[in-house]
Amino acid sequence: MQKICLIILACLFLSSCGDEKKEKDTVEKVEVIEKPIVEAYGFNLEDFVVLKDTVRNGDSFGDLMIKNKVDYQKIFKISTEFKDTFDVRKIKIGKPYAILKSKDTSEIAQYFIYEDDRINYTVVDLRDSVIAYHGKKNVKYVERVASGVINSNLSTAINEQGIDYMVTNNLSEIYAWSIDFFRLQKGDKFKVLYKEKYINDSIYAGAEPIEAAFFEHNGESFYAFSYETDSVNNISEYYNEQAKNLRRAFLKAPVEFSRISSRYNLNRRIAYYGYKVRPHKGTDYAAPIGTPILATANGTVIESTRRGGNGKYVKIEHNSTYSTQYLHMKNQNVKKGQYVKQGDVIGWIGMTGNTGGPHVCYRFWKNGKQVDPLREKLPVAEPIVDSLRGRYLEFISPIKAKLDSVPYIEVKIQEEVKEEQPLTLK
C-alpha cells in the first residue's frame, strides 16, 4: 500500500512539473505588441473620433460645422476673422478634409483640417478660443535623373519611363523661347535633373521644378540651369552655360501643346476665292475650344472687343515697337486698359468670326507692320548680372558635369507616325 502511494505521488510530481514547464514555455512565447500611434496633421488620432471625407457638391463650411455640433458664434468668428488664413468661401469640391471630434458621448468637433493640396493643410481649432493656422506634411525629396531620345514626341519619350507629366510641361516652359516644340525632330535628345516629393517616405506628391536640363534639337545644344538671383523675393531664372538668360521677351506661341494649322504667308491662295492671293498675316494655332490663350509678353490691353471676321479678340501693346493680337476667341478674360504679364490667360480658344475650326490666329506687329513672329529674332531678357556671373559659373560646374555623364535612355515603341510627318509635343 505504501509502495502504491509513493508511485501516485511521483506521478503527480512529474505531472505538475510538466504543467509548470508548459506554462513556462507559453509565457516565453507571448510577445507584447504595442499598438502603433496613428499620427496625422500633428495629432494623435487615437485621441479623437475621426471623420474623413471630401467636400461634396452643395457642402459649405457652415453646414459641415453645424452637423458636427459647432455653435453659430464660432462659425461666424471663423468666417469673418480668419479670411487671410482660411477663407470659408473658397473650399473646393473634391478637396479632402478631416474633423477630429471629442471621444465621448457628445462627439463635438474640436478640430477641422482642410487639405489645401497634397502637402499643405489648414487647421481650424474649434475649442474654447477659436484659432486657425497652416501646417505642412513631412516631405522627403528624392533626386531624380531622366533622359531620352525622341522617336515620336516628347510626351511619349518621358511618359514611357514613368516620369511625371509635369516634367514634360516644365521642360517645354524652360525652352519655350529657344525651341519650336511644334517641329521636334526624330533623334532629338534631352536630359533633366529634378527632385520628386514623397509624403511619409512612400506617398508620391509630385515633381519639383527642373534644376538643370540639356536639350539637343536639330544637332544644336541647349543647356538650362535654375539659379536664384533674388533670395529676398525668391526669384529664380534659367540660364545657359554662358550665363545667358533663356527667357525672351516673347513666348514662341500663345497656346501650350497645340499645333500650327496655318502659317504666316503673304502669297497664300485659296480655292474658295478662285485661287486669288489672300495674304495670311497671322499664325494659326489649332486647339480644342476652351483651351487657354496666353499673353506672349508683358503689356497693356489696348483692345478687347468683337469685330467682323476677327470675332472676339484681344490686342496688347508691349512697348513702342511690338504689339500682338489674338483672334477668334470664345471669350476674353481681360479688359481694355488692363496690364497683363507674360503667360497670363487672356481668353480661350473659340470659333467666333470667320473660321473653319477652333484655333487662335496670332498676329504680331513690329513698328506698326505685321510680321512673321517665327522668323523674328526676338529680344532676349537680361543676362545674369556681372556681380553674380562668377558665382553662377562655379555653381553650375559640377551640375553640368553630372548632366553630361547621364546616358540616354531610348524607349522602343511601335512607330505610328510616318517619318515625313512633323513631330510635335502633345
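Keep in mind that the numbers below use all heavy atoms, side chains included, and drop hydrogens, waters and symmetry copies. The first residue of the sequence shown is numbered 1, and numbering continues consecutively from there.
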Rounded to the nearest 0.5 Å, what separates atom [atom1] in [X] from atom [atom2] in [Y]?
X: Leu126; Y: Tyr111; atom1: CG; atom2: OH; result: 9.0 Å
X: Asn68; Y: Gln110; atom1: CG; atom2: CD; result: 11.5 Å
X: Asn354; Y: Leu327; atom1: CG; atom2: CG; result: 10.5 Å
X: Ile119; Y: Asn138; atom1: CD1; atom2: CG; result: 10.5 Å

So among Arg307, His328, Gln325, which one has a side chain to side chain donor-acceptor pair (under 3.5 Å) with Tyr313?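 Among Arg307, His328, Gln325, the one that satisfies the side chain to side chain donor-acceptor pair (under 3.5 Å) with Tyr313 is Arg307.
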Pair His217 + Tyr175: ring centers closer than 6.0 Å: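 Ring centres of Tyr175 and His217 not closer than 6.0 Å.
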Are Tyr204 and Tyr198 an aromatic pair, judged by ring center distance below 6.0 Å?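 Yes, the ring of Tyr198 comes within the 6.0 Å limit of the ring of Tyr204, centre to centre.
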With side-chain contact (heavy atoms from CB on, under 4.5 Å) as the criterion, how do Tyr97 and Leu64 come out once you've worked through the C-alpha distance, each side chain's angles and the decisive distance to 0.1 Å? CA-CA 11 Å; Tyr97 70 85; Leu64 293 174; 3.5 Å; yes
Between Gly58 and Asp63, what is the shortest heavy-atom contact and its length?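 Looking at all heavy atoms of both residues, the shortest contact is O-OD2, 4.2 Å.
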Could you list the donor-acceptor pairs under 3.5 angstrom formed by side chains in residues 398-406, with sequence neighbours left out?
from: Lys400; atom 1: NZ; to: Asp404; atom 2: OD2; distance (Å): 3.1
from: Lys402; atom 1: NZ; to: Glu143; atom 2: OE1; distance (Å): 2.3
from: Asp404; atom 1: OD1; to: Tyr223; atom 2: OH; distance (Å): 2.7
from: Ser405; atom 1: OG; to: Lys402; atom 2: O; distance (Å): 2.7

Just do the side chain to side chain donor-acceptor pair (under 3.5 Å) check on Thr229 and Tyr392 with the steps written out, would you? CA-CA 9 Å; Thr229 54; Tyr392 168 79; over 6 Å; no
Candidate pair Lys197 and Glu208, rule salt bridge (charged side-chain N to carboxylate O under 4.0 Å, His left out), full reasoning: CA-CA 7 Å; Lys197 297 176 287 189; Glu208 286 282 275; 3.5 Å; yes
Here's one to test your reading of the geometry: is the NZ or CZ of Lys189 within 45 degrees of the ring axis of Tyr408 and under 6.0 Å from its centre?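 Because its charged atom sits under 6.0 Å from the ring centre and within 45° of the axis, Lys189 does stack over Tyr408.
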